[in-house]
**Student:** 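Here's a structure for you.
Computed over heavy atoms, backbone and side chain alike; hydrogens, waters and symmetry mates excluded.
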Amino acid sequence: MTAKIAYDDVEVGTELPAQSFPVTRATLVRYAGASGDFNPIHWNERFAKEVGLPDVIAHGMFTMAEAVRVVTDWTGDPAAVVEYGVRFTKPVVVPDDDKGALIEVAAKVAAKLDDNTVRVDLIATCAGQKVLGMSRAVVRLA
């Protein structure tokens, strides 16, 4: 696969389509099984509260992966992402109800780089709080 977005068609400030990603306790259990990360802070409310958390929280790597979907969906090719990094600023708290939590992600092209690459800056929030800081991806476009 190759990116479906052409480098020449993109300018600094180009906004990627924003997306929202629901997270429920069932989502966290499935992710734990796939990743092998069965830390009880991600599924056991009693344990999470005993260690000082407000409730069960989403895995950091899960949050990070959901956020970059905005970029991979935009390019049409997950392999177009050549670098990606974030800082975890706040946990995504996932209540035990039918709604869970909602991770909202916006992104825009922050810089055009060499070799048909661009830097995309992402903003990921949940319940009005920024959950990822310095969230940036370098993407190779067509």
Side-chain angles (χ1 to χ4, degrees), residues 1-45 47-49 51-142:
M1 293 179 71
T2 58
K4 294 181 170 101
I5 304 294
Y7 179 83
D8 292 335
D9 293 340
V10 174
E11 299 298 329
V12 171
T14 298
E15 293 186 13
L16 284 61
Q19 293 188 52
S20 298
F21 304 100
V23 186
T24 64
R25 296 279 178 95
T27 308
L28 298 182
V29 170
R30 285 192 298 275
Y31 182 81
S35 69
D37 181 352
F38 292 100
N39 186 324
I41 64 172
H42 303 304
W43 57 270
N44 183 315
E45 184 174 337
F47 183 85
K49 289 181 175 181
V51 298
L53 294 168
D55 207 332
V56 164
I57 62 170
H59 304 72
M61 291 304 193
F62 172 82
T63 304
M64 187 177 175
E66 289 290 82
V68 81
R69 286 176 54 193
V70 167
V71 177
T72 60
D73 288 354
W74 176 65
T75 65
D77 179 12
V81 177
V82 295
E83 287 180 36
Y84 178 48
V86 306
R87 291 193 180 149
F88 301 106
T89 56
K90 296 271 186 200
V92 173
V93 178
V94 182
D96 188 15
D97 59 20
D98 292 335
K99 289 175 41 178
L102 190 65
I103 301 169
E104 298 177 278
V105 184
K108 69 179 175 180
V109 175
K112 290 186 83 166
L113 309 171
D114 296 329
D115 197 24
N116 280 18
T117 59
V118 296
R119 189 186 88 218
V120 176
D121 290 354
L122 298 92
I123 298 172
T125 61
C126 182
Q129 295 203 346
K130 196 171 180 181
V131 294
L132 298 176
M134 299 294 292
S135 184
R136 295 179 173 170
V138 175
V139 185
R140 182 163 288 110
L141 300 178

**Student:** Which residue pairs pass the salt bridge (charged side-chain N to carboxylate O under 4.0 Å, His left out) test with at least one member in residues 63-72, sequence neighbours excluded?
**Tutor:**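 As it turns out, the salt bridge (charged side-chain N to carboxylate O under 4.0 Å, His left out) pairs with a partner in residues 63-72, which skip direct neighbours, are Glu66-Arg69.
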**Student:** Apply ring-ring contact (aromatic ring centres under 6.0 Å, His included) to His59 and list each qualifying residue two or more places apart in sequence or on a separate chain.
**Tutor:** Tyr31, His42
**Student:** Please answer whether the main-chain N or O of Phe38 pairs with a side-chain N or O of Trp43 as donor and acceptor at a distance below 3.5 Å.
**Tutor:** yes
**Student:** Kindly give the heavy-atom pair with the smallest separation between Asp77 and Thr2, and that separation in Å.
**Tutor:**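 Looking at all heavy atoms of both residues, the shortest contact is OD2-CA, 3.3 Å.
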**Student:** Determine the minimum heavy-atom distance between Leu122 and Ala67, stating which atoms define it.
**Tutor:** CD2-O, 3.3 Å
**Student:** If I compare all heavy atoms of Ala142 with all of Asn116, which pair ends up nearest, and what's the gap?
**Tutor:** O-ND2, 3.4 Å
**Student:** Checking Ala111 now: which residues fulfil side-chain contact (heavy atoms from CB on, under 4.5 Å) with it, not counting sequence neighbours?
**Tutor:**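 Scan of Ala111 (side-chain contact (heavy atoms from CB on, under 4.5 Å), adjacent residues dropped) gives Leu113, Arg119.
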**Student:** Residues two or more places apart in sequence or in another chain: which of them pass side-chain hydrogen bond (donor to acceptor under 3.5 Å, both in side chains) with Thr72?
**Tutor:**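 Per chain and number, Thr72 pairs via side-chain hydrogen bond (donor to acceptor under 3.5 Å, both in side chains) with no residue.
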**Student:** Can you name the side-chain hydrogen bond (donor to acceptor under 3.5 Å, both in side chains) partners of Arg136, sequence neighbours left out?
**Tutor:** none
**Student:** To the closest 0.5 Å, what do you measure between CG (Leu28) and CD1 (Ile41)?
**Tutor:**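 It is 10.5 Å, given to the nearest 0.5 Å.
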**Student:** Using salt bridge (charged side-chain N to carboxylate O under 4.0 Å, His left out) as the criterion, list what pairs up with Asp114, not counting sequence neighbours.
**Tutor:** none
**Student:** Taking only distance into account, with no hydrogens and no angle test, what donor-acceptor pairs under 3.5 Å do side-chain atoms of residues 96-110 form with protein atoms, sequence neighbours excluded?
**Tutor:**
from	atom 1	to	atom 2	distance (Å)
Asp97	OD1	Lys99	N	3.0
Asp97	OD1	Gly100	N	2.6

**Student:** For Val94 and Val23, work out which heavy atoms get closest and say how close.
**Tutor:**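 Looks like CG1-O, 3.6 Å.
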**Student:** Going from CD1 on Ile57 to OG1 on Thr63, what distance comes out if it is rounded to the nearest 0.5 angstrom?
**Tutor:** 8.5 Å
**Student:** Can you name the residues that form a side-chain hydrogen bond (donor to acceptor under 3.5 Å, both in side chains) with Thr27, not counting sequence neighbours?
**Tutor:** Thr24
**Student:** Listed by chain and number, what are the side-chain hydrogen bond (donor to acceptor under 3.5 Å, both in side chains) partners of Gln19, not counting sequence neighbours?
**Tutor:**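 Listed in chain order: Asp73.
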**Student:** Can I get a per-line list of side-chain donor-acceptor pairs under 3.5 Å for residues 82-92, giving both atom names and the distance, sequence neighbours left out?
**Tutor:**
from	atom 1	to	atom 2	distance (Å)
Tyr84	OH	Met64	O	2.8
Thr89	OG1	Lys130	O	2.8
Thr89	OG1	Val131	O	3.3
Thr89	OG1	Leu132	N	3.4

**Student:** I need the full list of salt bridge (charged side-chain N to carboxylate O under 4.0 Å, His left out) pairs touching residues 6-35, with sequence neighbours left out, sorted by first then second residue.
**Tutor:** Arg25-Glu45, Arg25-Asp55
**Student:** Do Phe21 and Val70 have side chains that get closer than 4.5 Å, going by heavy atoms?
**Tutor:** yes
**Student:** Do you know the tightest heavy-atom contact between Thr117 and Tyr7?
**Tutor:** O-CE1, 3.3 Å
